[in-house]
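The structure under discussion appears below in the form of structure tokens.
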Amino acid sequence: MGEIVLDRVHKSYDGKTSAVEEISYTVQQGHFVTLLGPSGCGKSTTLNMIAGLEDVSGGTITIDGGRVDELPPDKRDLAFVFQDYALYPHMTVYENMAFGLRMRKTPKADIDRRVRDAAERLSLEPFLDRKPRDLSGGQRQRVALGRAIARRPAVFLFDEPLSNLDALLRDRTRTELKQLHQELGATSVYVTHDQEEALTLSDKIAVMSRGRLEQYGTPQEIYDSPATEFVAVFVGKPSINLFDAELDGGRLTVPGTGITVPGRGVTQKAADRKVRLGLRPDELVVHEQPQDGDVRATVKLIQPLGHATDVAVTVAGTELLARAPGFLNVRPGQEVGVDVSGARLHVFTADGTRRLSD
Amino acid sequence: MGEIVLDRVHKSYDGKTSAVEEISYTVQQGHFVTLLGPSGCGKSTTLNMIAGLEDVSGGTITIDGGRVDELPPDKRDLAFVFQDYALYPHMTVYENMAFGLRMRKTPKADIDRRVRDAAERLSLEPFLDRKPRDLSGGQRQRVALGRAIARRPAVFLFDEPLSNLDALLRDRTRTELKQLHQELGATSVYVTHDQEEALTLSDKIAVMSRGRLEQYGTPQEIYDSPATEFVAVFVGKPSINLFDAELDGGRLTVPGTGITVPGRGVTQKAADRKVRLGLRPDELVVHEQPQDGDVRATVKLIQPLGHATDVAVTVAGTELLARAPGFLNVRPGQEVGVDVSGARLHVFTADGTRRLSD
Amino acid sequence: MPASTLTPPRRPRGLPRLGGGRAERGDRRFNLLLMAPAVLVVLALFAYPIGYAGWLSLHQWDDKISPVHPYVGVDNYHQLFSDPAYREALDRTVYFSVITVLAGVALAIGLAVLLTQQFRFRALARVLLLVPWAVPPVVNGIMWHLIFDGDTGIANTVLRGLGIIDTNKQWLSSPTSAMNVLIFAEMWKLLPFLTLLFIAALQGVPANLYRAASIDGAGAIRRFAFITLPSIRTTILFALIVQSMWSLKVFDTIYVLTGGSGGPAGGTTTINFFAYLTTFSNLDRGYGAAIAISIMALVLLIAVFWMLLFRAPSWFVARGTRRRTA
Amino acid sequence: MNTPRTAAAPDARPSTGAVTAPSAPPARPRRGLSRRGRRRAVTVLHRFLLVVALLYFVAPFLWMVVYSVFPAGNLQRENPDLDPGALTLSSYRRLLGQSSFLQPMLNSAVVGLLTTLICLALGSVAAYGLARLRFRGKQVLLLAMMSTQAIPVIVLAVPLFIVIRTLGLFDTPAALVITYTAFILPLVVWMMVGFFEDIPVSLEKAARIDGCGRWQILWRIAAPLAAPGLAATGVFAFITAWSDFFLAKILTASNATTLPVKTASFQGLFANDYTSAATAGVITTLPVMLLALAAQRWIVRGLTEGAVKG
Amino acid sequence: SGGGTASSTSATPLAPTSSAGGSIRILDDNTNKIFGSGVVARFEKDTGIKVEKYEQANFNDLHDRLATLFSAQDSSYDVVMTWAAWSAEFGRAGWLQPLSQSAVPAGVLPAALDAVSYGGTVYGLPKFASAQTMFWNKDLFEKAGLAPDTAPATWDDFVSAAKELTGGGVYGYAADLGNTDGAYQNFLRVLLLNGGTMYDSANKPVFNSDKGVDALDRLVKLLRTDKVMSPSSLQITNSSDLNTLFANGKAAIVFNWPAQYPVAVAKGALGKAAVGSGILPGIAVRSASIDGSEGFAINNYSKNKAAALKWLQYVTTAAVQKQMVQEEGWFPVTSSLLQDKTVTSELPIVSTYLQESRYQIKRFGAPWYSDVVQQLSTGITKAMLGQTTPKKALDAAADQASTIIAKYK
Ligand SMILES: Nc1ncnc2c1ncn2[C@@H]1O[C@H](COP(=O)(O)OP(=O)(O)OP(=O)(O)O)[C@@H](O)[C@H]1O
Ligand SMILES: Nc1ncnc2c1ncn2[C@@H]1O[C@H](COP(=O)(O)OP(=O)(O)OP(=O)(O)O)[C@@H](O)[C@H]1O
Ligand SMILES: [Mg+2]
Ligand SMILES: [Mg+2]
């Protein structure tokens, strides 16, 4: 129960510009799929179309083989967790969780069992008689989850459900969510603009940009082999270093910086002399004393994180970010060496739309 | 110019409970000091007392040797950046930045020069004639900064100035802020509940909890040698693993788990048999195949982050979090080995209030 | 005890009981200073007249009959219970108020729903809504008189044109129909304000609640019943209270619509108008004051009734401190 | 005339739309068509109710305008004769050329403006203080302010009349300004408190850091930010003062008579003049109506947000 | 009769003095136009007294306004308009200045003087005399096959004529029963025509006598049984609407004030030839009518009573009275003018008035007038609407009236 197929789904609000351009992919039954992308890229629109809160402008959506795109939301057997939770403020926690069942004329006893079961799972029992306004943000979030769980739908949809929580709570709830999914095994589609959430939670990630689907794959595929420059930049923290580089007979050179590496595994066609080269900061090694083969760089800014230190350096005017483990004892202005030889290469065409390295 | 000394500063709003308990520390001239702590711990209250927005209930505050705690805010020569920016909605960006100078009867020409200078520094020139409502969140934030800079005060105060920005912008602005401080060199006191911000920005961090000062030190001191259990938990991401342990003749044992390590550098007094042991997740090593000396653990949850993977495991019922580099190929339920021998030990008294290890 | 004697006296007399240092005390003093004039003006302008009215109501004070005004205790109030005219006026007031308040609020909710939908000239429609609100009550009376005149009124012309009636109806000649015309006229005037209230309330209902409810399986009707109505509950309460006050106090329209008589046959004499007739036409000021005070009590009683019905007296109280979050 | 009644819950209508779409078995994909057809039916119904409602709100006033520009003879007959050739502004010319009409007009304007100014000045300052103060009696005070609206004017009419006469203010604009202030001021406070509460406290903190004193904060920060509220409240106060009939009738005789009183007087025993009454009605209404329309955005915000929150 | 004044004991009757000057303020109703458009100016020129203000107010508003003013002992106005009911009410309350006999000009009609007096005390001087007479539409009479110049002399004649006249959007009869005073007047008229009276000599209400019940019954029948009375009669709150109705040819017969005449004969209306004028048709008596005379009185709190009296007297002068008759159609207050040939030739209704004045013309002004009329008119309207019987209505009203009147003992 719960396989979702999007087939050339398309949405335009104004009939002219596309909020979502023909998107196709399959969410396997029981999978947790994340729609990841920056603000305005069409994530919510896609989710709303799956939910039936927006009409599709074109294409079809099927759930378990049945077309649903003309059905009203309540006929689609899914639950939705909103960013602002959308808890009914005038109902108690219990009533909030029971509402969907009541609307579906579930017998009273059944409702009670399922609500209490969901409440127990989320440790919400002490709050069942409270109104949402008497709960903390995290508790509200859990009620929103509970409302979805109590319904036991085939599909869960989440629209940035964690973004209203503070950092600590967000991490904790993320973990709970993952655990919950492991237990329930229901198909879930999850919208976020936070790459960390997407990586940690998902079976598969759909990275979107400006209404288009950039890449659809497992977290590891997305991180290790971003299909486009956009994906490379958007996924991974701190953000990847990107340079205009030249690919010449198997060697990659960043002009004017002295950075040059052998282009292992890079497929070159005639047109691809000018390329984009990406190097992840945590794969660069900073030597307080420059060593042989190091690129020489000047330290600009040091940001200690405790377990690691982000060092922004400039190499002949080009800025480069490296992440070194632990506290690094350098000072702005100091000259250091950066070893790029150990870094995996992410090479893209000059316009960033196609990956050249494997 | 700009040394701030807090001497047994104390605040009670209701005359009964303390929002801030007698706090003393010195913010050195030119330093960037962060007040770090969870919500409601008294950070803003402390900052407001320094600013003069709240009266002190006891103790004294001196700036550059002069007592200021009875002075009104405008007599203290400081600027304040608010979480919601507090831009005057009815004034243009220019007027916002000029307002403080106008109120101080600065000559027109001077005002203009200083406002334009600040605007240039923050790339705000194109927006000088706009009203705040026509700016994006990030731009507003910069105007709030600009308003402070234009005043050229001896002291900058910041109350969670980044928390209304989205993640990407927050990181970028944090970097800008750090650079700005490097350039201006003015004493700054910065409030945040985000440990990462505190670590990256500060010369010194004051960790607060429930109105009390837990620790005052450099980021490295705070991270490497947290003075209390609270600091250890609050600083560092992911959060430190903490166990009830027994300290016996130089060995630390976590009862029932098989975890046991030599208590290097731990000072034991008679009373400290029962202790708290902290191990940072990134200092634990996970072996997909358990090896000799490893603690045997069952994988509970895997959260890949791209550059690393967080693995939650259970060791005889006790949960433990480890962070391994790259993608880790394990599955929930799988048996793995955890090597704790390389981890730095954080040992505290049983009530968590005193550090025992060095 | 010892603890409090040790702390320095922080609280000057007369100031609200709160902690704080010099600056905070200064702030409070400043704010009190700002409040003082308005509070004093209102107190002065209400306290004396109300006291005076209460005093009047305890006297026999009929200017036409006698220049002496003996103290009569609660006789005037006693008369209220035995006076059939008061009873009738009260009945009419109940009729008028029940309809204007209940139907008014219900219709206003409906209109607000109409006007919160998306359509092209929505802004214009909401502007037009203000027309009746701006019309002074006196003009309202004149206007409806022109419309419902039995001979020349446009109402008859239109209804004849539509074939609904074939001879002119004398709208203002029977007590009941005159009362209904009055209700119709008052509704016209009061609906816009109530509608505006509800428009704002409806706009304040988060759209996501409706979406959540539709996902939960609620159709349009059930969304209205389970989401819309409960969400605008406090506004409904406010509207009921405010409209009850106004309905009990209606005067100008009656005066103009009925040529100052409250007729025909007293058919539009509500208690407020009755108080007027007693006080100013019959010059029985003592009894008039008693009637007026009974109205005041009635208004407060009804406000309390609505609050209890909604079990939300705390809402009114809480409103003063609640702050809108951005 | 039961049309507005049917407007009660358009949301509750969609089921009727099913008439236009052949009903389909539930939960089948093909039902989508009916979903669209139903939407169209709901739209049609919505527009219809809308037109009816707007006609109801606008037509009566327009009819009074018609009455004021046509000779009574054209209208006081079986079927009104709206020949545009008969259009005449003579009744406006006559009224506006009469000092006995202009004087009340001037009085109304003066009384309205003065009342508004005083109420705004006292009320907004008090509201600001109230919004910033936290003390135990605050809610009670606000409630007391509001409950002044529960007092029928008739209760106060005689005492007010006596007070006014004792002060020697009978039949002067001052009499009206004072009494209107009493009735309107509490409302102004009530409305303005909401507006001031909406101003973030951090703005005032920022201003203090920037060097503003208390009055300066009030004047330079709070007042400009509450300007929409002031405008709305001001318009509300003006309209209330301008529209009053009862107090003006009681407290004035001739010199200070206001427009509503004058307008009402066109229905006499021996000289009922419908055209003049309609004309006076239009003239009385127009200024406030224009004001209301001009400030409508603020008014809607002011009346509703000021009045009901949460 | 209950003429004992409660509070005017201190007031000595005012006699004219030669040395009147200064300025006065006048509050009139809005019946007359001639004062504002010339008479006031001439008065100022002729007497040297300045009229600081001549204000006209809505008649419907005036009672409450005057009562308020008086009870506040206000002196804003020196001269106020009065008529039968108010002279009694305000006079008894001590709010009007009693006049000495020497202040009353010679030849003032008793009926007109009655309207400004109460309990033997004269409180003012009349500005015009007025009584209701019958008007009929000769054209409609002709159309209905009735003799256009012969007025129905008895009630039954009137009813049968009205029946003939009713049809095709036209009603045989119309009245102004729409407000308190109107309902009372219409009843009082039939009551008098039926030989009845309002109060007995002890001021006990007797309008619910058999004559009274019969009178009201006849009135009700006009509307409900014979259906000759225009249904709009019940919503007409003032005689000017009635004027219009008759002038527009919608009602064939009306019993109305003299001001009906100029309206009916005006350009675009019926014209002189079509308007018949005669005395009211009787039931038990040949005819009778109700009085509508108005006058001016002096505010007892006035600071310039001497000058005020000058105005009162000036209004009764022949020049002013003649203008009143000619321009507005009201009857003059002095008998000499009533006989004036130029006046009668211009206004045939003046001779009708002369005829009518041979019969009883009453109004029963009393201090309790407004209270009693309020009760009575409610009963009358209910009876007209068929909501109660005439007997029940009148009995109840009489009961209430007794209670009210008892307070004045
Ligand atoms: N109701 C609407 N009417 C018109 N345009 C809309 C509507 N909703 C969204 N859009 C537009 O469609 C595009 C995609 O919006 P969508 O809400 O799906 O983005 P998103 O990825 O969810 O962004 P966010 O992270 O900010 O929520 C945006 O350009 C947005 O402006
Ligand atoms: N104006 C006030 N009146 C009464 N109590 C207050 C006031 N402001 C703060 N407090 C209380 O003082 C304590 C400290 O508050 P403070 O605002 O300083 O916390 P904070 O560390 O800034 O928290 P946050 O991160 O949520 O801003 C809290 O318990 C709070 O409830
Ligand atoms: Mg979104
Ligand atoms: Mg804070």
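The figures here come from the full heavy-atom set of this structure, side chains too, leaving out hydrogens, waters and symmetry mates.
With a 4.5 angstrom heavy-atom cutoff, C:D27 touches chain D via backbone and side-chain atoms both. For D:L218, the part lying near chain C is the side chain, with the backbone staying farther off; criterion is any non-hydrogen pair under 4.5 Å. Of the atoms belonging to C:W55, not a single heavy atom falls under 4.5 Å from chain D. Using a 4.5 Å cut-off between heavy atoms, D:I239 touches chain C through its side chain atoms alone. Contacts of D:I178 with chain C are made by both backbone and side-chain atoms, with heavy-atom separations under 4.5 Å. Of the two parts of C:V138, only the side chain, counted from C-beta on, holds a non-hydrogen atom closer than 4.5 Å to a non-hydrogen atom of chain D. At a 4.5 Å heavy-atom cutoff, the contact between D:Y67 and chain C is made by side-chain atoms alone. Within the 4.5 angstrom heavy-atom criterion, only side-chain atoms of C:M245, from C-beta onward, approach chain D.
The shortest side-chain heavy-atom distance between D:F61 and C:P132 does not fall under the 4.5 Å cut-off. Between D:K249 and C:Y276, some side-chain heavy-atom pair lies under the 4.5 Å cut-off.
Residue D:P186 forms a side chain to side chain contact (heavy atoms under 4.5 Å, CB included) with just one option from C:V42, C:V39, C:V41, and that option is C:V42.
Checked by atom type and distance alone, the side chain of D:Y56 pairs as donor or acceptor with a backbone atom of C:W188 at under 3.5 Å.
A distance of 6.0 Å or more separates the ring centres of C:F30 and D:Y128.
With sequence neighbours left out, D:S276 forms a side chain to side chain donor-acceptor pair (under 3.5 Å) with D:R94, D:D273.
Rounding to the nearest 0.5 Å places CZ of D:R132 at 14.0 Å from CE of C:M35.
Taking the six-membered ring for Trp and thresholds of 30 and 60 degrees, C:F238 and D:W190 have nearly parallel ring planes, at less than 30 degrees apart. Taking the six-membered ring where tryptophan is involved, the planes of D:F245 and C:Y255 are tilted, since the angle between them lies from 30° to 60°.
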